[in-house]
Amino acid sequence: MAILFLDHVQLAMPEGREADARAFYAGVLAIPEVEKPDNLKARGGCWFEDGPVKIHLGVDPDFHPARKAHPAFIVADLQALATRIGRSGYLVVADQPLKGYERLYAHDPFGNRIEFMQVIV
């Protein structure tokens, strides 16, 4: 049995903060929100998807932000994104480069770490 690919990443969020999730993921990161299936709507949270990029936010009643574990997104223009995130009021932190990548991270409205990477050509 082989794992073929990653379908989505789910991060936790506190209850009742869907508007904050929408402002960050759809507003700042420009990942469109998609409607959750009817059978999952009562759980709260929201989903954001754009082609192969799928990030789902689920409500955790005992929420604690993921400060170490994190998704890492490849982006086309790291500096433009950093500017956009910073202008939206979120702290942007430069990280040590990895071979072939520039990278930085920010925290979503709930404190979850999100990494952004750009391939160095």
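Listed by chain and number, the residues in a side chain to side chain donor-acceptor pair (under 3.5 Å) with E15 amount to none (sequence neighbours excluded).
Contact annotation: the side chain of L11 approaches that of I114 to within less than 4.5 Å [non-hydrogen atoms, C-beta and beyond]. Within the 4.5 Å cutoff, no side-chain heavy atoms of F73 are placed close to those of V9. Residues Q118 and Q79 are not in side-chain contact: their nearest non-hydrogen atoms beyond the backbone lie 4.5 Å or more apart. Side-chain contact check for V92 versus L81: every heavy-atom pair is 4.5 Å or farther apart.
Distance check: L40 CG to C46 SG gives 13.0 Å after rounding to the nearest 0.5 Å. A distance of 10.0 Å separates NE2 in H70 from NE2 in H107, rounded to the nearest 0.5 Å. Between the CG atom of L57 and the NZ atom of K36 there is a distance of 9.5 Å, given to the nearest 0.5 Å. Going from atom CG of D77 over to atom OG1 of T83 covers 8.5 Å, rounded to the nearest 0.5 Å. In this structure, CD1 in I55 is found 6.0 Å from CD1 in I31, a value given to the nearest 0.5 Å. One distance of note links CG of L6 with NE2 of H8; it measures 8.0 Å at 0.5 Å rounding.
Of all the heavy atoms in M13 and A21, the pair that sits closest is SD-CB, 4.4 Å. Looking at every heavy atom in both residues, A82 comes nearest to L104 through CB-CD2, 3.6 Å. Between A30 and R84, the shortest heavy-atom contact is CB-NH2, 3.1 Å. Residues A66 and N112 share a closest heavy-atom pair of N-OD1, 2.8 Å. Counting all heavy atoms, side chain and backbone alike, A106 lies closest to I85 at CB-CG2, 4.0 Å.
Y90 and F24 have perpendicular rings, their planes meeting at more than 60° on a 0 to 90° scale where under 30° would count as parallel. Using bins of under 30°, 30° to 60° and over 60° for the plane-to-plane angle, the ring pair F63/F110 lands in the perpendicular bin.
In this model, a donor atom of one side chain and an acceptor atom of the other lie less than 3.5 Å apart for E49 and H56.
Note on residues 56-69: no pairs pass salt bridge (Lys or Arg N to Asp or Glu O under 4.0 Å), not counting sequence neighbours. Evaluation of the salt bridge (Lys or Arg N to Asp or Glu O under 4.0 Å) test over residues 89-113, restricted to residues two or more places apart or in two chains, returns D95-R103, D95-R113, R103-E115.
Taking Ile, Leu, Val, Met, Phe, Trp and Tyr as members and joining any whose side-chain heavy atoms lie under 4.5 Å apart, directly or through other members, the hydrophobic cluster of L98 also contains I74, Y101, M117, V119. Cluster note: F5 groups with L4 through ILVMFWY side-chain heavy atoms spaced under 4.5 Å, whether in direct contact or through intervening members. Listed by chain and number, the hydrophobic cluster partners of V93 are L91, Y105, where partners are ILVMFWY side chains within reach of under 4.5 Å, directly or through others.
At distances below 3.5 Å, not a single donor-acceptor pair connects side-chain atoms of E33 with backbone N or O atoms of W47.
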